[in-house]
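Here the structure is laid out as structure tokens; the discussion comes afterwards.
All values below were derived from every heavy atom in this structure, side-chain atoms included, with hydrogens, water molecules and symmetry-related copies excluded.
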Amino acid sequence: MTDNHETSAKLPINESLNAPVLFRDENGGIDYDSIPDVIQWFLDHDQRVATIKHPKVEELFQWKQEQSSLAGEGIFHFNRAEDRLAIGIIQSVAHHPTERDLHGWIAQLLNALQQASTTTENIATSYELKLDDANSIVKESEKIPATTQRTEFLIDCWLEALCTAEIRVLGWLYHEFYGRPFHPNNF
């Protein structure tokens, strides 16, 4: 650390060079201003989080935003999927300020992920979709004849990517905030 006043007031929670660093203030409290840097670290170094930057996932995100706009939903338009992820993580921490609250939110995300994963797998199998080989999940989904089912499938594909990334970062933050790993049976 340097002698810079701003830097010296922050003490890293995790000093490993292979992990993100979440800082504490001079009183030992979490420095929430370091959370964006943690999110960026995960986007740069964690494959499951970095998936949110993949062109197929970005296309899903842009498709989902467009569908929401067409449906008249009052949504905030993000430029990129990774921006949506970052704001979602920051909002999750802000809206779930206790261990029990954050635990409950992560559990909800895990349930949403399980549901989305099961649905996408079942539909992909039923319609013989080649999601790994396709250049576009949106284009590949055109093999699903029913518009409603195709829409639900694409939403679930987006949720699967978003929830996976959000759970990875929030799980790490949970551990750093509360000194123990997230486990469904913590409470």
Side-chain angles (χ1 to χ4, degrees), residues 12-14 16-23 31-71 73 75-96 102 105-106 108-121 123-124 129-144 150-177 181-182:
I13 292 174
N14 186 341
S16 170
L17 295 176
N18 295 324
V21 176
L22 185 64
F23 292 101
D31 176 8
Y32 290 97
D33 290 339
S34 66
I35 292 176
D37 292 332
V38 168
I39 296 167
Q40 189 61 54
W41 185 94
F42 274 92
L43 285 165
D44 293 341
H45 296 90
D46 186 290
Q47 185 177 12
R48 286 180 275 183
V49 176
T51 298
I52 207 82
K53 299 187 300 185
H54 192 281
K56 286 191 232 184
V57 175
E58 182 65 34
E59 179 189 32
L60 280 171
F61 169 69
Q62 296 300 334
W63 173 89
K64 174 64 173 96
Q65 275 199 140
E66 182 181 332
Q67 295 303 304
S68 295
S69 290
L70 292 173
E73 298 173 16
I75 63 163
F76 181 85
H77 287 274
F78 292 94
N79 290 329
R80 302 173 305 171
E82 65 186 275
D83 297 338
R84 164 60 184 87
L85 170 69
I87 293 300
I89 291 167
I90 291 167
Q91 286 178 333
S92 294
V93 170
H95 293 298
H96 303 94
L102 187 57
W105 179 244
I106 294 171
Q108 287 181 35
L109 290 173
L110 283 167
N111 288 336
L113 174 59
Q114 179 61 42
Q115 181 275 321
S117 296
T118 300
T119 301
T120 57
E121 184 178 324
I123 291 174
L129 303 179
K130 308 291 184 217
L131 301 178
D132 291 335
D133 298 336
N135 289 327
S136 166
I137 294 171
V138 174
K139 186 78 173 156
E140 186 71 7
S141 75
E142 291 174 3
K143 294 177 181 177
I144 303 168
R150 182 172 47 250
T151 299
E152 290 171 1
F153 170 76
L154 290 171
I155 290 170
D156 281 338
C157 286
W158 163 243
L159 286 174
E160 192 173 355
L162 179 63
C163 289
T164 299
E166 193 166 336
I167 290 165
R168 291 283 294 167
V169 177
L170 286 175
W172 185 88
L173 287 170
Y174 181 96
H175 182 267
E176 296 300 311
F177 291 171
F182 171 85

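The side chain to side chain contact (heavy atoms under 4.5 Å, CB included) search around H77 returns Q65, S69, I75, not counting sequence neighbours. Not a single ring pair (Phe, Tyr, Trp, His ring centres under 6.0 Å) links W63 to another residue, sequence neighbours left out. By the side-chain hydrogen bond (donor to acceptor under 3.5 Å, both in side chains) test, Q114 is found to be paired with T118, residues two or more places apart in sequence or in another chain being considered. R48 meets the salt bridge (Lys or Arg N to Asp or Glu O under 4.0 Å) test with no other residue; sequence neighbours excluded. Not a single ring pair (Phe, Tyr, Trp, His ring centres under 6.0 Å) links F153 to another residue, sequence neighbours left out. The salt bridge (Lys or Arg N to Asp or Glu O under 4.0 Å) search around D37 returns none, not counting sequence neighbours. For Q115, the side-chain hydrogen bond (donor to acceptor under 3.5 Å, both in side chains) test picks out T119, with sequence neighbours left out. With sequence neighbours excluded, the residues that form a salt bridge (Lys or Arg N to Asp or Glu O under 4.0 Å) with R168 are D46. Residues satisfying the side-chain hydrogen bond (donor to acceptor under 3.5 Å, both in side chains) test with Q47, not counting sequence neighbours, are none. Annotation: ring pair (Phe, Tyr, Trp, His ring centres under 6.0 Å) contacts of H175 (sequence neighbours excluded): none.
Taking every heavy atom of both residues into account, L60 and L154 meet most closely at CD2-CD2, 3.6 Å. Looking at every heavy atom in both residues, I35 comes nearest to V93 through CD1-CG1, 4.1 Å. The two atoms that bring E82 and L43 nearest to each other are OE1-CD1, 3.9 Å, heavy atoms only. The two residues S92 and L102 have their closest heavy-atom pair at O-CD1, 4.3 Å.
Taking the six-membered ring where the residue is Trp, F78 and F61 present tilted rings, their angle falling between 30° and 60°.
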Query raised in the report: Stepwise, does the side chain to side chain contact (heavy atoms under 4.5 Å, CB included) test hold for L109 with L113?
Result: CA-CA 6 Å; L109 290 173; L113 174 59; over 6 Å; no
Requested in this report: Show the numbers, then the answer: is there a side chain to side chain contact (heavy atoms under 4.5 Å, CB included) between E166 and W105?
Outcome: CA-CA 11 Å; E166 193 166 336; W105 179 244; 3.4 Å; yes
Between side-chain atoms of residues 156-164 and protein atoms elsewhere (two or more places apart, or another chain), which donor-acceptor pairs fall under 3.5 Å?
residue, atom, partner, partner atom, Å
E160, OE1, T120, OG1, 2.8
E160, OE2, S117, OG, 3.2
T164, OG1, E160, O, 2.7

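Here CZ of R150 is found 6.5 Å from CD of E142. Values are rounded to the nearest 0.5 Å. Note that CD of Q62 is 8.0 Å distant from CG of N79, once rounded to the nearest 0.5 Å. Here F23 contributes atom CZ and Y32 contributes atom OH; the two are 15.5 Å apart, rounded to the nearest 0.5 Å.
Results of the side-chain contact (heavy atoms from CB on, under 4.5 Å) test with I106 over L173, L170, N111 single out L170 as the only residue that passes.
Annotation: salt bridge (Lys or Arg N to Asp or Glu O under 4.0 Å) contacts involving residues 52-71, sequence neighbours excluded, comprise D44-K53.
The shortest side-chain heavy-atom distance between F42 and L85 does not fall under the 4.5 Å cut-off.
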